[in-house]
Each structure stands twice: as structure tokens, then as C-alpha cells.
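One structure is given here, and the rest of the page talks about it.
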Amino acid sequence: MKIKVGIVEDDREVMENWVKVLNAHPKLKCIAACESGELALKQFPGCSPDVVLMDINLPGMSGIQSTAMLKELMPDVHVLMVTIYSNNDSIFEALQAGASGYLLKNNSSEEVIRSIIEVVEGGAPMTGQIARRVIEVFRKPTYEKLSKAQLTIREKEILHLIARGYSNKEIASQVQVEVSTVRTHIEHIYEKLHVHCRTQAAAKYLGGNGRDTTKK
């Protein structure tokens, strides 16, 4: 079954190019393309894309606002922010809004395709440049918050693998449990760290320098 992708991009030329690239790939299908967040909020719930490529700088409602509202309507959708920006404020706000990954517009088509497939498999794709920015954003004194989280030994092990970029399937293989069990552990990690996605969890872990927060 093909991965269904929605696009939110106000530059028609860029949008049409993405549509062609996605539909040319055997694993992907663009099912909707909108020029604004307002249109996306009307159209996407009806066609249920698996992944949304979201431009951050949209006319009217911003890509960040659109992401937050789209996640309320479609909690399971993966939103990849695609933008020319790499500043800390934009990254932080996008992740807080529920974005699962953050890419720059100068990424190649191959990188965008790889990121779409990766996020569906449980990854949190972002360029090396963006990853460094994310760590900068979250590199605040987080020791107290992490120590209060009281992660179990298994949760800490899984969080470490998330921070290394492992997908749910890879984590399951590494720790020798079912994928469904990994998902349950990740839900508990999110609750304890007060985060909403893998990227936030990994950034908080890295911001705390991987300090041991396991229960004794």
C-alpha cells in the first residue's frame, strides 16, 4: 500500500514539482495539495494523508499554526516542516505544534522521499543542520526535569535508541520485544517527559546529556 502524502505549499511551481516527484515514486502517492493552511484543514481530514509536507511561511495561517490545528483534527498524521528557515524559534515552535520532522527546502528530492518513508516507519527525520539547531534549542538545564521523570530501565534504553534515530521496528529488534510493546513504552516516555513526539523526547534526552534517570 502506498504512503498517502498531502502538500501545503503556496509556491505553485514548488508544489507541482513535489507532486510529480511523489507520484513518480512506487511507494508514494500525493492525494491532495493546498496553497494554504485554511484549505488543508478543510480538505485533509476527508482524504486522510499519512504524511503532510508543510511549508512554514504560508499566507494567512502560518505553517506552524496549521500544523497545530491539523494535529488536533488528525492526531496520527505525520507533519514534516519544509522551509528555508533554520532558526531556533521556528524549530522549537514547529516541534511544539506537533511536527515530526523538519527539513530545509534545499534538500534534494531523494532526501525528501527518504524522510517521508522514515517518518512513517517511526523515525524523526531532519537534516544535520536542523538536528544541531534542535539540540541548541533544548540544551538548557534539564537534569531536574529528567530526574523527576523517573524512567524505568527499559524506558531509558528505548529513549537512548530514539535519540540515536532508531525506528520502532529497529528498537523492537534491539531490545527483543514486540513493536506494540515499544509503542507502549514510548507513550509512557512521552507522558513522563511531557513531550509529544520522538524529536522532542530525543532533544530533551540529549539536552540532559543522557543523564541516568532510571528507577533504582
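Quick note: numbers below take in every heavy atom, side chains included, and nothing from hydrogens, waters or symmetry partners.
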remark   = One should read off an interatomic distance between Asp11 CG and Leu58 CG, to the nearest 0.5 angstrom, of 11.0 Å
key: Sequence-distant partners of Asp50, side chain to side chain donor-acceptor pair (under 3.5 Å), two or more places apart   = none
key: Chi angles and distances behind the side-chain contact (heavy atoms from CB on, under 4.5 Å) call for Phe44, Leu70   = CA-CA 8 Å; Phe44 287 0; Leu70 192 61; 4.0 Å; yes
ask   = So, do Met74 and Pro49 sit near enough that their side-chain heavy atoms are less than 4.5 Å apart?
value = yes
message = Tell me if the NZ atom of Lys2 is crowded by more than 12 foreign heavy atoms within 6.0 Å.
response = yes
task = Output all residues satisfying salt bridge (Lys or Arg N to Asp or Glu O under 4.0 Å) with Lys105, sequence neighbours left out; order by chain, then residue number.
result = Glu9, Asp55
Inter-residue atom distance His188.NE2 - Glu155.CD, 0.5 Å rounding = 7.0 Å
inquiry  = Please report the interatomic distance OG(Ser167) to NZ(Lys169), rounded to the nearest 0.5 Å.
reply    = 8.0 Å
Cut-off 3.5 Å, no hydrogens considered: what does the side-chain donor-acceptor table look like for residues 115-124, sequence neighbours left out?
from, atom 1, to, atom 2, distance (Å)
Ser115, OG, Glu111, O, 2.8

task = Could you tell me which non-hydrogen atom of Cys34 sits nearest to which non-hydrogen atom of Met15, and how far apart they are?
result = O-CE, 3.3 Å
inquiry  = Checking the side chain of Tyr190 only, and the main-chain atoms of Arg198 only, is there a donor and an acceptor separated by less than 3.5 Å?
reply    = yes
request  = Quick one: do Val82 and Trp18 satisfy side-chain contact (heavy atoms from CB on, under 4.5 Å)? Show the steps, please.
outcome  = CA-CA 11 Å; Val82 187; Trp18 281 354; 3.5 Å; yes
key: All side chain to side chain donor-acceptor pair (under 3.5 Å) counterparts of His160, not counting sequence neighbours   = Tyr205
query = Could you state the interatomic distance from CD1 (Ile186) to CG (Asn168), rounded to the nearest 0.5 Å?
reply = 4.0 Å
key: Where Thr67 and Gly98 come nearest, the two heavy atoms and their spacing   = CG2-C, 4.2 Å
ask   = Step by step, would you call Thr83 with Tyr102 a side-chain contact (heavy atoms from CB on, under 4.5 Å)?
value = CA-CA 8 Å; Thr83 176; Tyr102 204 114; 3.3 Å; yes
Leu41/Met61 under side-chain contact (heavy atoms from CB on, under 4.5 Å): CA gap, chis, key distance, verdict = CA-CA 11 Å; Leu41 291 171; Met61 184 184 298; 3.7 Å; yes
key: Atom pair CD (Glu157) and OG1 (Thr152), whose distance is rounded to the nearest 0.5 Å   = 9.5 Å
request  = For Met69, look at atom CE and say whether over 12 heavy atoms of other residues, nucleotides or ligands are found less than 6.0 Å away.
outcome  = no
ask   = Can you tell if the side chain of Leu151 reaches within under 4.5 Å of the side chain of Leu159, non-hydrogen atoms only?
value = yes
remark   = For residues 28-40, the side chain to side chain donor-acceptor pair (under 3.5 Å) pairs (sequence neighbours left out) are Arg12-Glu35
query = Hey, which of Ser48, Cys47, Cys30 is the one that makes side-chain contact (heavy atoms from CB on, under 4.5 Å) with Lys4?
reply = Ser48
inquiry  = For Arg114 and Asn107: C-alpha separation, side-chain torsions, deciding distance, then whether side chain to side chain donor-acceptor pair (under 3.5 Å) applies.
reply    = CA-CA 11 Å; Arg114 185 164 55 248; Asn107 287 149; over 6 Å; no
key: Rounded distance (nearest 0.5 Å) linking atom CE of Met81 with atom CG of Asn57   = 10.0 Å
Could you give the side-chain donor-acceptor pairs of residues 173-182 under 3.5 Å, partners two or more places apart or in another chain?
none

